[in-house]
> 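Pasting a structure below so you can have a look.
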Amino acid sequence: MSTPEGPESPEGPAVPEKPQLDKPGKPASPQGPAQAGPGDDGPKDSAPKDSGPKDSAPEAGGPGAGGSKVSGSEAAAPEAAGGPKDDGPEDGEPRRGPAPAAGPARFMGGQPTERSMDFRGSSRRLLGSLRPERAIISVALLLGLVSVALSVLGPKILGKATDLIFAGVIGRQMPDGTTKAEAVERVRQQGNGTVADMLDSMDFTPGHGIDFGAVGTVLMWVLLIYVGSAVFGFIQARIATTVVQRAVFRLREDVEQKLAKLPLSYFDKQARGEVLSRATNDIDNIQTTLQQTLSQIAASLLTIVGVLAMMFWISWLLALVALVTVPLSIVVATRIGKRAQPQFVAQWKSTGKLNAHIEEMYTGHSLVKVFGRQKESAQTFREENEALYAASFKAQFISGIIQPAMMFIGNLNYVLVAVVGGLRVASGSLSIGDVQAFVQYSRQFSQPLTQVASMANLVQSGVASAERVFELLDAEEQSPDAAEPMRPEHVRGQVAFEDVSFRYEKDRPLIDGLSLTVSPGQTVAIVGPTGAGKTTMVNLLMRFYEVNGGRITLDGVDIAEMSREELRSNIGMVLQDTWLFGGTIAENIAYGAESASMDKIVEAAKATHVDRFVRTLPDGYDTVIDEEGSNVSVGEKQLITIARAFLAEPAILVLDEATSSVDTRTEVLIQHAMAQLRSGRTSFVIAHRLSTIRDADLILVMESGNIVEQGTHDSLLAADGAYARLYTAQFAEPAVEVEAG
């Protein structure tokens, strides 16, 4: 059993041993980890499409942002998926994301950023999110005030009914024809001075019984008061629900907009499940917290004030007695709350880790089977699950102590009020109805205190989630576009790298002084060993990352002076990992050109050999692709992504290992489709299969971020340099030695 993670209270309760499971649970062992095999950065785009809202997918700052014409493996959040990728973390290119851990922990992605807890600041900021609803909140508070005022008035009026009944009982026992003064004096002469004082404070008529008419009138007024209080309370609760839903709606919008502004580097350093947990689970928890506590806390505070006023009105002495236990209640609630808060932070942090692990296990289902890592995956799940169990138990146990503690203090208050009230009645200072009302008020006074204290666990849990969401909202954004962005007069596709320098980490340079000019319509192939910086060039061209030095121009305009939307709308991408969303084939092809007609879609499909296999499907172009895209083959998915880029008609095309995972026959079809796609467009082709780029106009050979050779296929072979070595190594026949006997 692993040691639970997250901050722990030094005086927290020991966690009881939970029942051991034979299996870690359904999500764990079947789902393989995002274990990177050789040349794999882990599954990125095979995640289920319900990972986030589809309509928000292209907004995450990737190539699809702002109408970008992007095809291939654009994940639901392209930047979150790492953008175009090489064959995994390259040796010379710093691994984007946390360093791999040893043992089962290597299956986890980036860990949530550690940050000190700021309960007060996060609470104020969360309440500040309600500021746009000030007017409607004021109405809700007014209605709540009326509701509380009526409910507080009820016991006082009900006490009148008690006085009427008691006066009738006493009056019936007194001889008829005498006055109240004579009856009291007679009792006093009998040596019952205390009883006489009590009777003197009462309003009764000797010889008369209970006035049921008066009692009925009082009870009717009490009924109307309580009904009115309930109606106003219902309306106030309805308004409070509206306020909460609007606030959470805005918070979700803020998170969505924030995700669109975050740089690729943020997603590289965070596990996808962790980001999703903040955007879904934590926001849902905030909604639950606000919904269950906002109106209740307001009503409780108003009740405390109203009841306190009525208590002082009836008897200032009894009111002071009732207030004796308040400081004790505050001390108990505060001390317990401080111990519970770190456990709620740990609980939601562990929830994010567990979600990240399960998400990776789900996307890596096939890979974990291939590498036989089910046990390691299950063990990691157990460790994270146990950490969540421990943190959740401590959080709920500690915060759960508050309510019974407050009830105990409330009972002490009740006893004190009953004893002192009885003495005041005996002395004739108070009527029995007033004492009855006061006892009810003491209950009403302690009840909201108990409710507020018992909601501490909800509030602490909600603030812990709010802190995680605010941490996401406060993350550093990508640099904004220029105030007055520039754009080429006519996009022809001329790209120039001018003395470009870049590094992922400040102390580890990757590209230094790179210069390159690509003419319009030219096909440029980029080859080189893993870690050479091939994909980094594309990342810089797409402005997924900003250059550290030099500049990149498109038709003479610095791309840093262009808006990202304008830049990416002129670039199409077909990546190695295909991404199709849950929809029809026609909808997937038209993803980069939503206004395209059906004729245009079919034309693009025919040009890229998609029409051939679509015609064999029962529903043709209306065939719905499931969320995993499992009802079409890998090669067919790749052809659909090429058709998507073809229909978008970009000026610049980026092809990143688009044929690396298909069979030879399909590769030929894809090569023909890509030839059609590249026609008349500036194209960048990243390839490890050198046979696929023989016809490129220019081949760049990169090593350690530098271009070491450039030329055509034939000229580079003749030069017998780095390209020739790569080519020879790829096509040389392996020699197998068999030892005899």
Side-chain angles (χ1 to χ4, degrees), residues 6 50-53 112 117-133 136-137 140 144 233-234 236-256 258 273-301 333 336-337 340-355 358 388-389 391-403 448 450-473:
D50 60 357
S51 296
M117 210 171 34
D118 182 13
F119 180 84
R120 180 175 299 179
S122 298
S123 301
R124 288 178 177 176
R125 185 170 177 182
L126 182 58
L127 292 176
S129 65
L130 304 175
R131 192 172 293 114
E133 310 296 334
I136 193 171
I137 289 176
F234 174 80
Q236 185 255 357
R238 177 68 176 83
I239 294 176
T241 299
T242 302
V243 170
V244 170
Q245 294 303 319
R246 288 180 179 178
V248 174
F249 177 81
R250 287 192 300 271
L251 186 60
R252 285 198 175 99
E253 283 192 325
D254 291 342
V255 169
E256 171 60 27
K258 183 68 178 186
E274 168 68 17
V275 176
L276 292 176
S277 182
R278 295 180 189 231
T280 54
N281 292 346
D282 285 309
I283 291 182
D284 287 343
N285 188 46
I286 292 172
Q287 175 179 323
T288 300
T289 299
L290 291 176
Q291 188 67 60
Q292 296 186 14
T293 63
L294 191 62
S295 60
Q296 188 63 49
I297 288 178
S300 296
L301 294 177
I336 296 177
Q341 180 62 16
Q343 304 308 324
F344 280 106
V345 174
Q347 173 187 340
W348 287 103
K349 187 174 293 184
S350 297
T351 300
K353 290 181 180 180
L354 186 62
N355 284 347
I358 292 175
L388 177 58
Y389 170 84
S392 299
F393 173 82
K394 289 182 179 180
Q396 298 299 330
F397 178 82
I398 295 174
S399 62
I401 296 175
I402 294 179
Q403 185 166 4
T450 303
Q451 288 176 339
V452 171
S454 64
M455 285 187 289
N457 60 339
L458 275 175
V459 173
Q460 290 169 336
S461 176
V463 172
S465 289
E467 191 170 64
R468 286 165 49 80
V469 173
F470 294 150
E471 186 179 80
L472 171 63
L473 294 175

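FYI, the numbering just counts along the sequence from 1. Worth saying up front: this structure is predicted, and the values here are computed from it rather than measured.
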> Are any side-chain N or O atoms of D254 and backbone N or O atoms of L473, one a donor and one an acceptor, separated by less than 3.5 Å?
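Absent.
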
> Please check if the side chain of R278 supplies one atom and the backbone of V469 the other of a donor-acceptor pair under 3.5 Å.
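Not a single qualifying donor-acceptor pair exists.
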
> Over all heavy atoms of both residues, which pair between A279 and I283 is shortest? Give the atoms and the distance, please.
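Between these two residues, the closest heavy atoms are O-CD1, 3.4 Å.
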
> When rounded to the nearest 0.5 angstrom, what distance separates CD1 in I286 from CG in N281?
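The CD1 atom of I286 sits 11.0 Å away from the CG atom of N281.
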
> What distance separates E471 CD from D282 CG, expressed to the nearest 0.5 Å?
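Interatomic distance, E471 CD to D282 CG, rounded to 0.5 Å: 10.0 Å.
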
> To the nearest 0.5 Å, what is the distance between CD (Q291) and OG1 (T288)?
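Going from CD on Q291 over to OG1 on T288, the span is 8.5 Å.
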
> Give me the atom names and distance for the closest heavy-atom approach of R250 to L130.
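Nearest pair, atom of R250 first, then L130: NH2-CA, 4.4 Å.
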
> Checking S465 side chain against G462 main chain: does a donor-acceptor pair fall under 3.5 Å?
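No: the side chain of S465 does not pair with the backbone of G462.
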
> Determine the minimum heavy-atom distance between Q236 and G144, stating which atoms define it.
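Minimum heavy-atom separation between Q236 and G144: CG-N, 3.8 Å.
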
> Donor-acceptor pair, R246 side chain versus E133 backbone, under 3.5 Å?
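No, the answer is negative, given that no donor and acceptor are paired below the 3.5 Å cut-off.
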
> Determine, step by step, whether E253 and K258 satisfy the side-chain contact (heavy atoms from CB on, under 4.5 Å) criterion, reporting the C-alpha distance in whole Å, the side-chain angles of both residues, the deciding distance to 0.1 Å, and the verdict.
CA-CA 8 Å; E253 283 192 325; K258 183 68 178 186; over 6 Å; no

> Tell me, please, which residues at least two apart from T289 pass side chain to side chain donor-acceptor pair (under 3.5 Å).
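Applying side chain to side chain donor-acceptor pair (under 3.5 Å) to T289 gives none.
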
> Which heavy atom of S129 sits nearest to which heavy atom of A247, and what is that distance?
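For S129 versus A247, the nearest heavy atoms are O-CB, 4.2 Å.
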
> Just so I know, are the side chains of V243 and L290 near enough to count as touching, which here means a heavy-atom distance under 4.5 Å?
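A side-chain contact under 4.5 Å is absent here.
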
> Nearest 0.5 Å, what's the CG-CZ distance between N285 and R468?
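Output value for this atom pair is 10.0 Å.
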
> Return the CD to CZ distance between E467 and R125, rounded to the nearest 0.5 Å.
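Here the interatomic distance stands at 10.5 Å.
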
